[in-house]
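First comes the structure, then the notes that go with it.
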Amino acid sequence: MTHPHQRLLIIDFGSQVTQLIARRLRELNVYCEIHPYQKVTDAFLKGFAPRAVILSGGPDSVTREGSPRAPESLWTAGVPILGICDGQQTKMTQLRGRVESGHGTAEFGRAFVTPSDEKLAILDGWFDDGREQVWMSHGDHVSQIAPGFRVYGTSPNAPFAITADPERDFYAVQFHPEVHHTPKGARLYENFIRLAGFTGDWTMASYKDDAIARIRAQVGDKKVICGLSGGVDSSVAAVLIHEAIGDNLTCVFVDHGLLRKNEAAEVVAMFRDNYNIPLIHADESDLFLGALEGVSDPEVKRKTIGKLFIDVFQNYANQIEGAEFLAQGTLYPDVIESVSFSGGPSVTIKSHHNVGGLPEKMGLKLVEPLRELFKDEVRALGRELGLPPSFIGRHPFPGPGLAIRCPGEITREKLAILREADAVYIDQIRKHGLYDEIWQAFVAILPVRTVGVMGDGRTYDFACALRAVTSVDGMTADYYPFTHDFLGETATRIINEVKGINRVTYDITSKPPGTIEWE
Ligand code: XMP
């Protein structure tokens with residue numbers, strides 16, 4: 001099988017930071033994939049045909065019997081190999097060096113590496129000041145390097161911090177070059193991939209063309225349906241698929257009546273007017289809001305919306321004759337088969353709403369053209385496809401929409417107030433040039449009325465909470481440190497401009513212990 005890009009394989013031994021290796025390489029326009037070590041057999045390796053291989057770190061000890069190994073054929077594949085941390089130790093063990101664990105061998109956090117006298121190509125640009133800061137995180141250490149290897153860098157606790165057998169293009173480092181605390185780490189990766197002959201052929205323009213070709217090959221002249229949420233991922237997927245197969249794509253946008261102000265109109269206008277993509281705008285707000293009447297439990301809200309969404313989507317999809325494929329905006333972080341050493345069930349904090357389960361139920365095949373991309377790459381692809389920048393940079397919006405920003409019972413009155421307050425808040429954030437610094441910002445309307453005084457009159461209206469967080473992936477978050485001036489000005493505007501709110505608070509809870517949404 002021929003592959004459209006030069007490929008690098010990352011064999012994952014379960015490190016927490018394996019995804020960061022992929023990020024660093026993608027930034028260098030190198031196409032790479034992460035696969036768990038259990039899957040990387042000799043046959044897999046042959047089929048993948050990597051130009052270079054990186055062995056990630058991992059939590060297991062190579063000194064343990066039955067601990068993870070790379071396939072034997074890797075060592076004779078004739079491609080450059082870089083072992084990181086535990087990957088270094090795996091390599092040393094397999095190539096007949098020795099690794100020891102035990103008291104005094106662990107090293108965590110910042111360390112400084114000094115060079116040996118010999119030069120090494122992957123260290124080009126290193127050691128200008130005589131030493132480099134690196135980030136260590138290892139329990140075991142290499143006690144004897146494998147035959148053919150020499151030492152190129154040492155740290156106080158890692159005499160074999162950098163070793164290599166340059167004749168075979170085998171490199172091994174005890175630290176993590178992919179983390180920001182190893183400031184010259186990106187340079188090391190750059191040197192490694194240059195040495196492996198990568199030409200940086202992974203660009204968004206080339207990716208777009210390949211993706212279009214792949215969609216055409218997969219779908220042929222069959223029909224595809226795509227559930228649009230108005231978010232970046234499903235929108236980019238839809239525009240890409242439309243470029244590939246034109247009007248054989250139909251999008252279904254289910255308006256559950258829980259969208260922000262003007263959202264439905266904006267999404268529909270963008271797809272119909274700018275792209276001319278066949279779009280069913282399913283206004284099902286009565287159905288959803290009716291089903292939510294009297295519901296105040298967050299999980300019941302989520303489950304009600306999730307179930308109805310699937311039913312409604314299915315109804316509309318059934319009207320599209322001959323549809324054989326369902327498009328989804330699944331991203332790479334969702335599909336990486338991570339290596340789990342801990343196992344065990346995890347607790348459900350919230351039932352997330354998505355269209356999972358639909359394909360099986362409907363007997364449709366999946367088209368997932370973003371499966372290989374990280375979020376920022378999806379944005380880059382969106383730009384390549386000409387989506388408006390304001391659309392691409394939009395904050396994430398949850399599937400259950402405003403329902404989970406309206407603790408307690410949902411009423412049309414509360415939703416209308418919430419929409420207005422949210423619009424003023426976002427307008428304030430944009431006016432102050434803060435929108436792109438913030439991961440997500442929104443208003444939650446609280447299920448309490450409070451007493452106020454406006455003019456000469458008494459008010460008895462709703463209180464609301466403003467939320468704004470910074471985050472990299474939504475998994476952890478911190479509140480955004482607005483100035484008091486900004487908060488004061490925004491509160492005044494909301495109370496003056498939004499009828500029904502007479503008190504504004506700012507939520508300064510981080511995640512954990514809070515979550516980003518209120519429910
Ligand atoms: P939480 O509230 O769990 O949210 O800290 C983390 C991120 O996920 C979004 N979110 C959802 N997105 N369906 C989605 O598509 C959902 O059911 C859902 N619930 C939360 C939330 O907006 C934040 O970005």
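We count ligands from 1, going down the list as the structure has it; atoms in each ligand are counted the same way. The structure displayed is predicted, hence computed values, not measured ones.
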_Over 12 non-hydrogen atoms of neighbours within 6.0 angstrom of OH in Y435_ =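 Correct, the count exceeds 12.
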*Touching ligand 1 at all, W439? Heavy atoms, strictly under 4.0 Å?*
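Flag set, W439 near ligand 1.
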*Compute the minimum heavy-atom distance from E519 to ligand 1 and say whether it is under 4.0 Å.*
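For ligand 1, residue contact (heavy atoms, under 4.0 Å) with E519 is absent.
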_If you take the centroid of each ring, where Trp contributes its six-membered ring, are H242 and Y275 closer together than 6.0 Å?_
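No, too far apart.
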*Cationic tip of R24 within the cone over Y189's six-membered ring, i.e. under 6.0 Å and within 45° of the normal?*
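Output no; distance or angle outside limits.
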*Measure from NZ or CZ of R260 to the centre of the six-membered ring of F397 and say whether it is under 6.0 Å with the direction within 45° of the ring axis.*
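That pair qualifies as a cation-pi contact.
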Per-atom contacts of ligand 1 with [X], taking only distances under 4.0 Å to non-hydrogen atoms:
X: P400; result: 13 (N), 16 (C), 17 (O)
X: G474; result: 6 (C)
X: T515; result: 1 (P), 2 (O), 5 (O)

*So, does S234 use its side chain to make a donor-acceptor pair with the main chain of S229 at under 3.5 Å?*
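Indeed, once roles are kept as given, a pair shorter than 3.5 Å links the two residues.
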_Best match, K511, Q440, E517: closest heavy atom to atom 24 (O) of ligand 1_ =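 Closest candidate by heavy-atom distance is Q440.
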*For G399 and ligand 1, does the shortest N/O to N/O distance drop below 3.5 Å?*
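Min N/O separation from ligand 1 is below 3.5 Å for G399.
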*Backbone or side-chain N or O of I516 under 3.5 Å from ligand 1 N or O*: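 I516 vs ligand 1: N/O contact under 3.5 Å present.
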*Is R412 salt-bridged to E293, cutoff N-O under 4.0 Å?*
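Result for this pair is no, no salt bridge flagged.
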